[in-house]
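Read through the structure below, which is laid out as structure tokens, and then see the notes.
In what follows, chains are A, B, ... by sequence order, proteins preceding strands, each numbered from 1.
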There are 2 protein chains.
Amino acid sequence: MSRNQKFSREQLQAAALALVEKEGLEGLSMRNLALALGTGAMTIYNYVADRAELEGLLVEAVMQEVRWSGKPSKDWRADVKEITHAMWAAARKHPQIIPLVVTRRSSAAAFLGPTEALLDALKRGGLKDQNLLIAFRTVSGFVTGIAQAELTGPLAASAQEDAKDVIARFESLPREKYPRLLEIAKAAGKSKPEKEFTTGLNIIITGLEKEFGLESRD
Amino acid sequence: MSRNQKFSREQLQAAALALVEKEGLEGLSMRNLALALGTGAMTIYNYVADRAELEGLLVEAVMQEVRWSGKPSKDWRADVKEITHAMWAAARKHPQIIPLVVTRRSSAAAFLGPTEALLDALKRGGLKDQNLLIAFRTVSGFVTGIAQAELTGPLAASAQEDAKDVIARFESLPREKYPRLLEIAKAAGKSKPEKEFTTGLNIIITGLEKEFGLESRD
DNA sequence: ACCTGAACACCGTTCAAGT
DNA sequence: ACCTGAACACCGTTCAAGT
């Protein structure tokens, strides 16, 4: 709890973020981070208990960038869209860290804040208890799932590939074994992630209205 | 390509699966796997190029357990439900491997097969090109997202926690900062994953019908 | 109280030598 | 052609010694 520490938690967070941005997740190690900060590896342990906590700091850094209006409007649908879009956009700005966001538990306020706001918007839509839980799981599953899939799903290009290579990958498979995959691989080349996200979310919101009998807009 | 190898690929796969099942993903290493097989670490490299390929073998092992009727029925909705439920159930049987399934790209037939079947069902619902792509992204994002979230989402219990501890976690936060999270944490205690999955999927299918103007059942 | 080098117990992988 | 021990270049983390 002393105040004369060599670095601030924010400095550590920023250095870790910069390191991963430059060298990828594989480049993240206690030793590398210490090197970037001009100190010894063991110094990092004055700020985090272990590697898991260091990774938690990275998840927090991404979620801190989630920006939305911050107060409930009269339109719960618009609020759900705004908050989830902000989460998705923040994650997409840091593709290298998405696997950590998806995979590591976080109780950071930066993470729970947007989550609570999303839940509040769904609640204002008329949901509670079990149905609120299911709506939350469906929406947030979609958000994290689609963010991760853009990165490592079957339609995602690997480091060595571009969109044409992805198409070629499915074309080269024996006897056109995967005609539908080939079709959407082609569609994916002309597709915008933004449009995929917003349309997907609209599908879910419409589904919530119909399935849970919420007052509909049309 | 020789046939007088010490082990079969299947043996390797089974041994790796058993190892992870027993010791978790952290216990998976070339040396540990070799030990389990009664050989030296470098022997593993006669079967896989590197660790990434070994992890791919694990993803394949999980996806090989995906079982569905295998042929298109007259009801595309039922087919979508059956195939995605089979994928979700297979993943849930191997919670330790879910992070790999979600995070690692795979071109294994065991992975692409169910994916193609899902796409075919959506196509029979009346979708193509861009809309087929969006429907696929929405459905499969949901499936992987909800599977991972059950494991490491804010409502998931960590290794040391049970359902009561999760509730206590949100109750102990200052001034009831997260009342909605607390509400669904309580609901989660009484909730069945099965019900959450099927209801969430129903929401998405209903949304697909309305948003894309597919012929509806009611 | 905070910092940090040395050391320990691990990793994945290359290389060279075995059969 | 396949197997495998030794060695290399890393890891996270403990411990003990510094200020």
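Regarding B:R51, its CZ atom lies at a distance of 15 Å from the P atom of D:dC11, rounded to whole Å. Taking atom CG on B:L54 and atom C1' on C:dC11, their separation rounds to 14 Å, with Å as the unit. If you take CG of B:D50 and P of C:dC11, they are 17 Å apart, rounded to a whole angstrom. When the P atom of D:dT4 is taken as reference, atom CZ of B:R31 falls 15 Å away, rounded to whole Å. Computed from coordinates, the A:E26 CD to D:dG12 C1' distance equals 17 Å when rounded to whole Å. C:dC3 atom C1' lies 11 Å from atom CD of A:Q5, rounded to whole Å. Regarding A:I44, its CD1 atom lies at a distance of 10 Å from the P atom of D:dG12, rounded to whole Å. One can place CG of A:L33 at 13 Å from P of C:dT4, the figure rounded to the nearest angstrom.
Among the nucleotides C:dA6, C:dG12, D:dC3, the one closest to any side-chain atom of B:N46 is D:dC3. Checking D:dC3, D:dC11, C:dT13 against the side-chain heavy atoms of B:M30 singles out C:dT13 as nearest. Ranking C:dT13, D:dT13, D:dT4 by closeness to the B:K6 side chain, first place goes to D:dT4. Proximity note for A:M42 (side chain, C-beta onward) versus D:dT4, D:dT14, D:dC3: the nearest is D:dT14. If you check D:dC3, D:dG5, C:dC3 against the side chain of A:Y47, the one that comes closest is C:dC3.
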Exercise. For DNA chain C, just give me the dot-bracket, please: Watson-Crick or G-U, both distances below 3.5 Å, ( ) intra-strand, [ ] crossing earlier pairs, | paired with another strand, . unpaired.
Key: ||.|||||...|||||.||
Exercise. Please step through side-chain contact (heavy atoms from CB on, under 4.5 Å) for the pair A:N131 and A:L208, ending with a clear verdict.
Key: CA-CA 10 Å; A:N131 284 354; A:L208 283 173; over 6 Å; no
Practice problem: Could you walk me through whether B:W76 and B:V80 pass side-chain contact (heavy atoms from CB on, under 4.5 Å), step by step? | Solution: CA-CA 6 Å; B:W76 67 272; B:V80 167; 4.0 Å; yes
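To the nearest 0.5 Å, the span separating CG on A:L181 from CD on A:E176 amounts to 11.5 Å.
At the phosphate of D:dT4, OP1 or OP2 sits under 4.0 Å from a side-chain N or O atom of B:T39. Side-chain N/O atoms of A:N32 include one lying less than 4.0 angstrom from OP1 or OP2 on D:dC11. Here A:T43 reaches the OP1 or OP2 of C:dT4: one of its side-chain N or O atoms lies under 4.0 Å away. Taking 4.0 angstrom as the limit, B:Y45 places none of its side-chain polar atoms (N or O) nearer than this to OP1 or OP2 of D:dT4.
Using modelled atom types and a 3.5 Å distance limit, the side chains of B:N46 and B:K6 yield no donor-acceptor pair. Counted by atom type alone, A:Q148 and A:T144 present zero donor-acceptor pairs between their side chains at under 3.5 Å. B:S106 and B:E60 form no side-chain donor-acceptor contact under 3.5 Å, judged by distance and modelled atom types alone.
Looking only at side-chain heavy atoms (C-beta outward), B:F197 and A:T138 stay at 4.5 Å or farther from each other.
Salt bridge B:R169/B:E161: present, at least one basic N to carboxylate O contact under 4.0 Å.
B:F7 comes within 4.0 angstrom of no nucleic acid atom, judged by non-hydrogen atoms across all strands.
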